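Quick one: this structure, given as structure tokens, is what I'll be asking you about.
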Amino acid sequence: MKPALSVVLGFALLVLTAQLPADQAAATSPIGYWKTIDDKTGKPRSIVKIFEANGELHGRIEKLLDLPSGAKMPTCEKCPGDKQGKPVLGLEFLWGFKRDGAGWGEGAVLDPEEGKVYKATLELLDGGKQLKLFGFVRVVFRIGRSQTWTRVESAN
């Protein structure tokens, strides 16, 4: 093998192996940005950021998608407590998620339109490219609904 070719191949191998940890982290953690899909309409709704704080996962709305031109920025009028009347953009609507086997449980999700808080779980799908959020009311068994979000690089 020529020296120049071995240098190029060695550099390519170095770049590929350096990328592996980032790809593996994305496949095992929901931390990052996600495009949410409205479970009723099937349309993209927002970009959210999931982050870790004090050993728990939290989520904040970073960008609202498909707002009509000139529309007023929505606020959380029906939300409980200190979230009432706050802008939906920037709202922390997921909190308290802890690692639970293959997913994350013990969390809560706030529906800004209804102002209701539900218990929730998170589960990575498709090698970390999708995230399933399941919000529920616990009676004797779980009754709820789920959304599947798609990972994106940033809020832009």
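Below, each value reflects all heavy atoms present in this structure, side chains not excepted, and no hydrogens, waters or symmetry copies. Given the structure is predicted, the values throughout are model-derived calculations rather than measurements.
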With clusters defined by side-chain heavy atoms of hydrophobic residues (ILVMFWY) lying less than 4.5 Å apart, directly or transitively, does Phe51 cluster with Leu133?
no

Would you kindly confirm whether Trp34 and Leu65 end up in one hydrophobic cluster when ILVMFWY residues are joined by side chain heavy atoms under 4.5 Å apart?
no

Does the pair Tyr118 and Leu110 meet the rule for a side chain to side chain contact (heavy atoms under 4.5 Å, CB included), with working shown?
CA-CA 6 Å; Tyr118 299 94; Leu110 167 65; over 6 Å; no

So does Lys83 have more than 12 non-hydrogen atoms from other groups sitting under 6.0 Å from NZ?
yes

Taking only Lys NZ, Arg NE, NH1 and NH2, and the carboxylate oxygens of Asp or Glu, determine whether Lys132 and Asp126 approach each other closer than 4.0 Å.
no

Worked check of side chain to side chain contact (heavy atoms under 4.5 Å, CB included) between Ile50 and Phe97
CA-CA 10 Å; Ile50 296 182; Phe97 289 88; over 6 Å; no

Residue pairs meeting side chain to side chain donor-acceptor pair (under 3.5 Å), one or both in residues 64-75, sequence neighbours left out, come to Thr75-Glu77

Same apolar cluster: Leu94 and Ile37, side chain cutoff 4.5 Å:
no

Inspect the surroundings of CD in Glu153 and state if more than 12 heavy atoms from other residues, nucleotides or ligands are less than 6.0 Å away.
no

Check this for me, if you would: do Lys98 and Glu106 make a salt bridge, where the nitrogen-to-carboxylate-oxygen distance has to be below 4.0 angstrom?
yes

Nearest 0.5 Å, please: how far is CD in Glu62 from CG in Leu91?
11.0 Å

Once you round to the nearest 0.5 Å, how far does CG of Asp100 lie from CD of Glu123?
11.0 Å

Give the cluster check for Phe93 versus Leu57: same hydrophobic cluster or not, with ILVMFWY residues linked at side-chain heavy-atom distances below 4.5 Å.
yes

